[in-house]
Amino acid sequence: MSPTEKLGNFTAHDAPDYCDVLQCMRCGFCLPTCPTFALTGRERSSPRGRVALARAVAEQKLEFTEAVKEEAFFCLDCRACTTACPSGVRAGEVMEICRSQAHQFFPLKHVGKSFREFVLQKMLPSPDLLEHSMLPARLYQKLGIQWLLRHSHLLKLGPEWVDKAEGMMPELHPPLRPQLADSIPAVGEQRGRVGFFLGCIMTLMYAEVSRQTVRVLTQQGFEVLTPKAQKCCGAPHLTEGDRDTARRIAQHNLDLFMALDVDAIVTDCAGCGAALKEYEELLEETGSHDKLAAFRGKVKDVSEFLAEQGLRTEGLKPVNKIVTYHEPCHLCHAQGVSKQPRDLIKAIPGIDYRELNEASWCCGSAATFSLKYTDESQQILDRKLQNVQSTGAELLVTANPGCHLQLAWGLKRAGLSQKVVHITELLGMAID
Amino acid sequence: MISKTAIGHLVDKLSAANVASEKEDLLVLGYDSTPGVHHLPEVAVYPTTTAGVLDAMEIAQHEGLPIVPRGSGTGLSGGSVPVKGGMVLCLNRMNRILEIDEENLTATAEAGVVTLDLFNATAAKGLFYPPDPGSQKISTLGGNVMEDAGGLRGLKYGVTRDYVMALKCVLPDGSILTTGGKSVKDVAGYAFKDLLVGSEGTLGIITEVTVKLIPPPQDKRTFLAYFNDIRTAGEAVSKIIAAKIIPSTMEIMDKATINCVEDYVKIGLPRQMAALLLIEVDGHPAMVEEESQGVKKILEQVKAAEVHVAKSVEEANSLAAARRTALSALARVSPTTLLEDATVPRSRLAETFAEIERLTAKYGLKVGTFGHAGDGNLHPTVLCDERDSDEMHRAHAFYDDLYDQVLAWGGTVSGEHGIGLAKKEYLARQIGPGGVKVMKRIKDAFDPKGLLNPGKIFADDDPCTQAHVEEGFRVSH
Ligand SMILES: Cc1cc2nc3c(=O)[nH]c(=O)nc-3n(C[C@H](O)[C@H](O)[C@H](O)COP(=O)(O)OP(=O)(O)OC[C@H]3O[C@@H](n4cnc5c(N)ncnc54)[C@H](O)[C@@H]3O)c2cc1C
Ligand code: SF4
Ligand code: SF4
């Protein structure tokens, strides 16, 4: 649909495509995989219901109401429904677009608006601002970036929110980005050269994890280039419905990485990977088709990349641990990367791998969700923790900072002993 | 329109969390999986107990509101669409499994329990609940009972009706009836239980179901046979049955279906083949061996292009799972998937495929056919666009012709999806005016005010209750 053609009761700017909503045949295959439907049993909080609401707006059976907005934001954007849908409907993405619509229909009040704009349009797109920021470091430490986006609610929040935000924060190290050399050579026989996309949350909160990622990549024979000028991937903007800024920074990152002579663009953040892989659609109206397709072909999650290249296992130390794996939604559902991380884990000598029941069920973190709907997020998390506990694992492996935060916090609070590690940390343990 | 006071009463009885009257809630309860039928209800309730169902029933009766029971809304004949508005009574929050009785081999569950959840819970105790509709992950037991759902295992193990031992239900007059029990024999009075099974929510609201369980088969073998001509596949099915072999499953998919399913599951189904049969034999290992030989021999005789045997349980399961996605996967191709449920005596399968091919060409349509071939139950599915009214008319003409032939062969217009809104005229054609009259008298005896799921099964002149299939997603309120 052309950007100026108006679809039903949607605004002309960033509306869903009518064909995408018509595609749903309402079979309900997605219902049992949707965490918000499992919580409420309410049809409108299911993928089938959400698509039907969007369709009703498109067909002028319904205005774009508060309730539609509510459902757009209540959706975890976990994409479990995309995996489950045999008809190829992508309810999560339709809701993401509805978030953008929501901001057009219900603009924020002045203070909230300027703060949101500051975070989304100034701070996140500028890595320097983000890292040295004018905001006191303590604020990061206590609250985290995503939470700032919710600033307009700040004063209305009860103490349990602040507690939760505080409890979730890992121990912080100095941001990684400025520390990484532009180019780090491969160790041993060189197998290729990769560009490293370093997500905001990774550099700020999981610097040590990404350090391991770079180490594992170089040890595996890849030269790693980390362009300093890279910006946020745009995922927070898409989640929050600011598609214009998302497009701006997407274009910047695209140009930056395509100017590098690399075999692949690798990231260790599932959320970033999913966003990068969606640049092709996000920029389809403006960008060159070939360049977008080439970029899309190069973006790899680190597990996907290593599994594809084949793990060099000679010299790996045994890791004698019982291990299980939680699949980040943005890796398995949004990117279809599900088998690769398991194969890598099983390739490490000494590991006793236990499959996690409902491994691909959202942990309840889902971007801002865990801070916005605290109760619901807790119930989703409890379900996950129970499954983790029954594996008897010592290490819970995952591959996304949002899941990492949520799971670590949940395990700590529940007094469980499992440690959460990123898959590259696990690989790091096996490499001397 | 429902009054504010009535909503207030509902909230008092059921709690605010279990009553919905916002338009956004109602809008999404106005459809099921049947294309093109939609209608806004006035209120929706989610009772959590039989008493709650009764309360809702009484308030609706008092207000003169139509009451439409709804399980998961996966019905394929429009059964849970509230065509006359009123109250949608959702049973999906009544989802407790109450008992698995290992002495009597029965399970009792609330009506909103999802079919697969019951299967898994009984399997964990070493027991087996066979009915497995394609929608088993989503559909509710209440919905299964009310449509008498079949499934992939229907050929050998029968349909939902064959497992229902007792039903607890709330009748329109406000009485609570329990019919049947755990005794394997029961001839006390009229067989209400059997009347209720398949009644599509028009006689009473089921709140609890007791089903029979059986010991699971000890062994199983899964075959996948490919064919260059779909008629040969039909012939193979007829011959296997005629050889007195009853596999648990004989499912068919034609080329269009194979390709759509493969687009989704990506497990290497043969895209170039005209048809495939998924055949499963199960039981005692010795019998499985013997029947497998028999099946193989017939497949060779009819010259199946290729025959494969699943190498592992996982592979067998993934094939069955792939088959279950057939209908939804066909929806990838076109915005609208109009599917039918024609069922013929099994000796007529090859001819039925030929007829489907002939009519597809005659009306210039795109059709994908799949179904429970072993039951003679086919789902020819027209892949069309509801915005194209000419195409929709041709699709209906296609079904009209097909049903005439199916009835002439002694078949039925619905093997398992029910009549609902979509097939009222066809029912009248099949059972004649006398049959319809008797059915209506039964309906009147249960529901004299006609408030329970009105507009379903029987053709009447009310324009509100006609299936406006060609008009798409409609809100007539
Ligand atoms: C992809 C797909 C595959 C399918 N495969 C099969 C198949 O293989 N075999 C088959 O037989 N069907 C199949 N179906 C059809 C459908 O799933 C079945 O008819 C199922 O039994 C409906 O269950 P439900 O809970 O969704 O009921 P709904 O659709 O909600 O309701 C069905 C009917 O039962 C009534 N009802 C529901 N619950 C109650 C209750 N507790 N008390 C009284 N009335 C009630 C409703 O009013 C309605 O008339 C399939 C559907 C889909 C979408
Ligand atoms: S989104 Fe897909 S799985 Fe869900 S109801 Fe629609 S077609 Fe079925
Ligand atoms: S993205 Fe996740 S939460 Fe949103 S509709 Fe799909 S399954 Fe439900």
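Below, chain A is the first sequence line, B the second, and so on; all start at residue 1.
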Heavy-atom pairs under 4.5 Å with chain B, option from A:G88, A:C19, A:G41 with the top count: A:G41
Portion of B:N92 that has a non-hydrogen atom of chain A nearer than 4.5 angstrom: side chain
Short side-chain to backbone donor-acceptor contact, B:S328 and A:S87, under 3.5 Å: no
Minimum heavy-atom distance B:I138-A:C27, with the two atoms named: CD1-O, 3.7 Å
Region of B:T336 in contact with chain A, defined by heavy-atom distances below 4.5 Å: neither
Greatest number of heavy atom pairs closer than 4.5 Å to chain B - which of A:C30, A:S46, A:A67, A:C24: A:A67
Spatial distance of atom CZ (A:R26) from atom CG (B:D32) [nearest 0.5 Å]: 8.0 Å
Interchain contact, A:T33 with chain B, by part (heavy-atom threshold 4.5 Å): neither
Side chain to side chain, B:E24 and A:E70, heavy atoms closer than 4.5 Å: no
Chain B contact via A:S45 - which portion, at a heavy-atom distance below 4.5 Å: neither
Chain B contact via A:L22 - which portion, at a heavy-atom distance below 4.5 Å: both
Most contacts with chain A, counted as non-hydrogen pairs under 4.5 angstrom, among B:G73, B:G134, B:S135, B:A17: B:G73
Contacting region of B:N95 [heavy-atom separation from chain A under 4.5 Å]: neither
NZ/B:K137: more than 12 non-hydrogen atoms of other groups inside 6.0 Å: no
B:S334 versus chain A, the contacting section by heavy-atom distance below 4.5 Å: backbone
Check: A:Q23 side chain, B:A331 main-chain N or O, donor-acceptor pair, under 3.5 Å: yes
Closest non-hydrogen atom pair, B:Y31 against A:E43: OH-OE2, 3.0 Å
B:T325 versus chain A, the contacting section by heavy-atom distance below 4.5 Å: both
Proximity breakdown for B:V333 and chain A, heavy-atom pairs closer than 4.5 Å: backbone
A:E63 CD: over 12 foreign heavy atoms closer than 6.0 Å: no
Close side-chain approach of B:K23 and A:T65, heavy atoms under 4.5 Å: no
Minimum-distance pair of heavy atoms, taken over all atoms of B:V28 and A:A52: CG1-CB, 4.0 Å
Option that, when pairs with chain A are counted at under 4.5 Å, heavy atom only, ranks first among B:R332, B:E22, B:R324: B:R332
Other residues, nucleotides, ligands: >12 heavy atoms within 6.0 Å of B:E315 CD: yes
Greatest number of heavy atom pairs closer than 4.5 Å to chain B - which of A:M25, A:R50, A:R48, A:R42: A:R48
Interface moiety of A:C85 toward chain B, non-hydrogen atoms closer than 4.5 Å: backbone
